[in-house]
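One structure is given below, encoded as structure tokens.
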Amino acid sequence: MTAEPTVYVVDDEQAVRASIKFFLETIGLNVKTYGSVQDFFDDYESGKAGCLVVDVCMPNMSGPDLQKELAARKDPIPIIFITGHSDETVSEAALNSGAFAFFHKPLQSEEFVECIRKALNRF
Amino acid sequence: MIRRKMVWAGIGAGILCWIADCIVDAFVFREGAVIDQLLSFKTAEIWLRILFLSLCTALGIYAQVMINRAHRAEDSLQRSEERLNLALSALDGGIWDWNLQTNEVYFSPGWARMLGYRSDELNTHLQTWEEALHPEDKARIMHAVEDHFERQTSTYCSEYRMRTKTGDWIWIQDRGHVVARDENGRPLRMTGTDLNITARKEAEEVIRLSDRSIQSASNGIVIVDATKKDYPVISVNKAFENMSGYPADEILGRNCRFLQRDDRNQPEITEFQKAIKAGLPVHVILRNYKKDGTLFWNEVRVSPVRNENGKLTHFIGVMNDYTETKQAKEALQRAHDELEVRVKERTAELFEANKALKQQITERKRAEDQARKHQEELAHVQRIATMGEMATGLAHEINQPLTAVVNYSRACLMLLDAGSQSTDKLREAMREVEENGFRAGQIIHRLRDFVRKREPRRSKLDINQVIKVAVAFLEDEARNHDITIRLDLADSLPNVVADPIQIEQVLLNLIKNSFDSLRYNGSLRREVIINSDAPQPTAVEVAIVDTGPGFSLEASKQLFEPFYTTKPQGLGMGLSISRSIIESHGGQIRISRSEEIGPKVCFSIPQCNGFNK
């Protein structure tokens, strides 16, 4: 754990992205944001400390697509899904596929922070 | 008287002779003085002297008588010719005297004057007369003269034209006879008179013309004698003969009433009789009967004819067979009456039809009002249903700014709890809170507008703006289903007059249909293209094309039917309502297929050009 752990935020909604970054930075976390899965992979280097906060619904590649890709790369980075939809089946499937956590928007701030800390610690 | 003068002249001459004889005696016989001689009365001598004296007297008387007779004859002839010439000069004519042996002709001064010449201007030869004669009349005249020469006529008489000095033609009446013939009866001398009868001839021609005109007139003309009892007809023309069927000789001498036969009970007859009695003109139409018994309506106009003293002498009746006119008039009247009845009937029908139409219009208007209300309600229900279908997407959309708000708020609280002095950071977070809160509010506002029950309100609007609002509703859903919405909007489109919410509803219905088609059929390429244009100068057109499989022919027939749906959870109201909305805006909606992409739904809305309110 030489480097500062990073929270990677992937959400196509700019306002959401920016607010998460602002919020997490307030509590002293290192945050990087991406508007799409593609952007994320373009920048991401495996093996670094951190966790992922990923929106489920995104055009082209969705949150679950990203999860599959990481699984395929055998990247153990914990993934926290966030979604604006209250679809139980999606959250269950995500968790079953090895997601670290699943949050509905708007985010319960304390639980969310707690979860991120846990994820970072775990890594 | 002359004779008595002669006697005295004879006696005077005898006495003078006796005295002369005595004087001769006295000188010759010297037997006493004259006085002695005168006083010596010897018996024998006295008787001888008386005898001689008587003889002288008788001879003187005879000579006087013969002289007187010759003088008297010459005087009489002269005066006779003078009288004749005076009389003829008043008559505008003259006498002629023709010597057939020499063809010398004496023309009297009156004769010359008649032709406009002086007596000394005329050559006293037959040629003068022949040259003045009208060529057309010449043969006839010569024939008449020959007839007289051959004693076929006691007097020669003819009328012919002669040329005057000025070249005019005058009519002459020529009368004469042969006054001397030779032992063989050949004429030696012929005399006669010529009279200018031009004025009479012209008057005669006028009368003949009047008569011919009356005979040629197309109206029946009858003249009756008003001076005779019962006013007998004295003249009828051909037209009246034809009209009545009676020949003239069966009419002349009768009163016209025979034309009515027994049909005398006609009010116009009374009127007619009254006018005739008063000697006034009258115009009546009478029922008359032709000779063959057929009725004809006789339009009679009678006028009184007066002589130069103003005395009523005749009536002239002008008649016209009025039967055809009367029949035509009656037919016209009948047609007119029938027409009037029909017009009345038709007017009544029209009135009824109009009433019915008004009622129909009222009912129709009411039905239309109801239908519109019904449509509005349906549209409202469908909007709510649409919103229901879109609830997940909408919730997600609202969730996004809300998430941001919560995150920023939380960050602010943490900053404040940590006693941070960084007001810049706080301000930045608060501004984000405000902005995202506003954004969420806008979404809700739009949503509320869309589902609120309201009266349709049309206004001038830019169709591209409506498209953008509708697409904003669906952006989230599109994202969720990996659908790209592409806008291909024409610049500076004319405005349309429309209700923005209703048009938005149509757009949502159509775009959502495309989404559903793309989703349920698992299309690989998921694209919806919204195109706006004004291909015709009268309407703005919006087309929604997607890359989905489209509709079957079967389905496309029923697509616009209410409650027809191909979707598992569809209500089947979208297209039906969309169509009624577009049609209520005076536009059209239709389904076709875009050549290179896929199914296409297209609708048009008339431009804002004053037609639509």
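The analysis underlying the following values was restricted to heavy atoms, covering all of them including side chains, and did not include hydrogens, waters or symmetry mates.
No donor-acceptor pair under 3.5 Å is formed between the side chain of B:R525 and the backbone N or O of B:T547. Put simply, the side chain of B:N464 gets close to the backbone of B:A490: a donor and an acceptor are under 3.5 Å apart.
Heavy atoms closer than 4.5 Å to chain B are found in the side chain of A:V113, but not in its backbone. For A:I27, the part lying under 4.5 angstrom from a heavy atom of chain B is the side chain only. Of the atoms belonging to B:Q400, heavy atoms from both backbone and side chain fall under 4.5 Å from chain A.
Looking only at heavy-atom pairs under 4.5 Å with chain A, the residue among B:N407, B:I483, B:N436, B:V406 that has the most is B:N407. Top candidate by heavy-atom pairs under 4.5 Å with chain A, chosen from B:N399, B:T484, B:V433, B:V405, is B:N399.
For the residue pair B:H380 / B:R383, no side-chain donor-acceptor distance below 3.5 Å is found, with atom types taken as modelled.
Between A:Y34 and A:Y44, the ring center distance fails the sub-6.0 Å criterion.
Within a 6.0 Å sphere centred on CD of B:Q442, other residues, nucleotides and ligands contribute more than 12 heavy atoms.
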